[in-house]
A.B. asks: 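Questions regarding the structure given below will be posed in turn.
Everything quoted here is computed from the prediction, not taken from an experiment.
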Amino acid sequence: MSDDSSFEQDVMNELGDDGLRQLAQQLGTDAAGAQQVVESAASGLADGLPPDAVASEAAAPPQDAPLQGVATLGGLGGAVGGGLMAGVLAKATKPVATAVAKKTGLPVATVTRGLELLVPVVLAVLSKRAASGKGPK
């Protein structure tokens with residue numbers, strides 16, 4: 001199993017069945033289609049971060065404010081807070097959405113809305129990995 005698969009699996013685990021169903025509904029697809037989007041997007045979103053962003057965000061005290069401009073899924077985003085990673089990930093969603101749309105055949109606008117649900121989950125996984133010393137991927 002590659003590191004990418006491990007990271008993607010961590011994102012799938014963090015998302016959970018309910019989150020996957022919510023993402024599928026947002027995308028207008030089934031659970032398999034949503035899983036394909038997660039697998040295609042998770043690493044791309046994480047690759048959009050500067051290497052030191054994850055460590056500095058994990059070391060920062062938790063913030064009370066939820067992510068600004070990014071939908072939260074099951075409250076996960078609110079636990080992580082805003083900050084540097086949220087801003088960088090929000091900017092990374094456009095190129096990732098375009099790449100995922102090409103790979104999956106879903107419209108870019110639809111994928112972008114789905115990624116807004118996925119960003120807080122990716123943030124949570126990256127923060128947990130940084131805190132445990134695993135690294136981003």
A.B. asks: Looking at every non-hydrogen atom in both residues, tell me the closest pair between L117 and V121 and how far apart they are.
C.D. replies: O-CG2, 4.0 Å
A.B. asks: Measuring from Q36:CD to L27:CG, what's the distance to the nearest 0.5 Å?
C.D. replies: 10.5 Å
A.B. asks: Evaluate side chain to side chain contact (heavy atoms under 4.5 Å, CB included) for L20 paired with M12, printing each intermediate quantity in order.
C.D. replies: CA-CA 8 Å; L20 189 63; M12 288 297 298; 3.9 Å; yes
A.B. asks: Closest approach of P107 and A101, non-hydrogen atoms and distance?
C.D. replies: C-CB, 4.2 Å
A.B. asks: Any chance you could measure Q9, atom CD, to L15, atom CG, to the nearest 0.5 Å?
C.D. replies: 11.0 Å
A.B. asks: Atom NZ in K103, atom OG1 in T98: separation rounded to 0.5 Å?
C.D. replies: 14.5 Å
A.B. asks: From L23 CG over to L115 CG, what is the distance, rounded to the nearest 0.5 angstrom?
C.D. replies: 8.0 Å
A.B. asks: What distance separates K102 NZ from S40 OG, expressed to the nearest 0.5 Å?
C.D. replies: 13.5 Å
A.B. asks: Only one of L118, V122, V125 passes side chain to side chain contact (heavy atoms under 4.5 Å, CB included) with E14; say which it is.
C.D. replies: V125
A.B. asks: For atom CG of N13, decide whether the heavy atoms of other residues, nucleotides or ligands shown that lie under 6.0 angstrom number more than 12.
C.D. replies: yes
A.B. asks: What is the minimum heavy-atom distance between G33 and D30, and which atoms define it?
C.D. replies: N-OD1, 2.8 Å
A.B. asks: Applying side-chain hydrogen bond (donor to acceptor under 3.5 Å, both in side chains), run through Q26 and Q22 and close with a yes or a no.
C.D. replies: CA-CA 6 Å; Q26 181 73 31; Q22 196 174 0; over 6 Å; no
A.B. asks: Would you compute the distance between atom CG of D10 and atom CZ of R129 and round it to the nearest 0.5 angstrom?
C.D. replies: 4.5 Å
A.B. asks: Side chain to side chain contact (heavy atoms under 4.5 Å, CB included) with L45: which of L123, V100, T93?
C.D. replies: T93
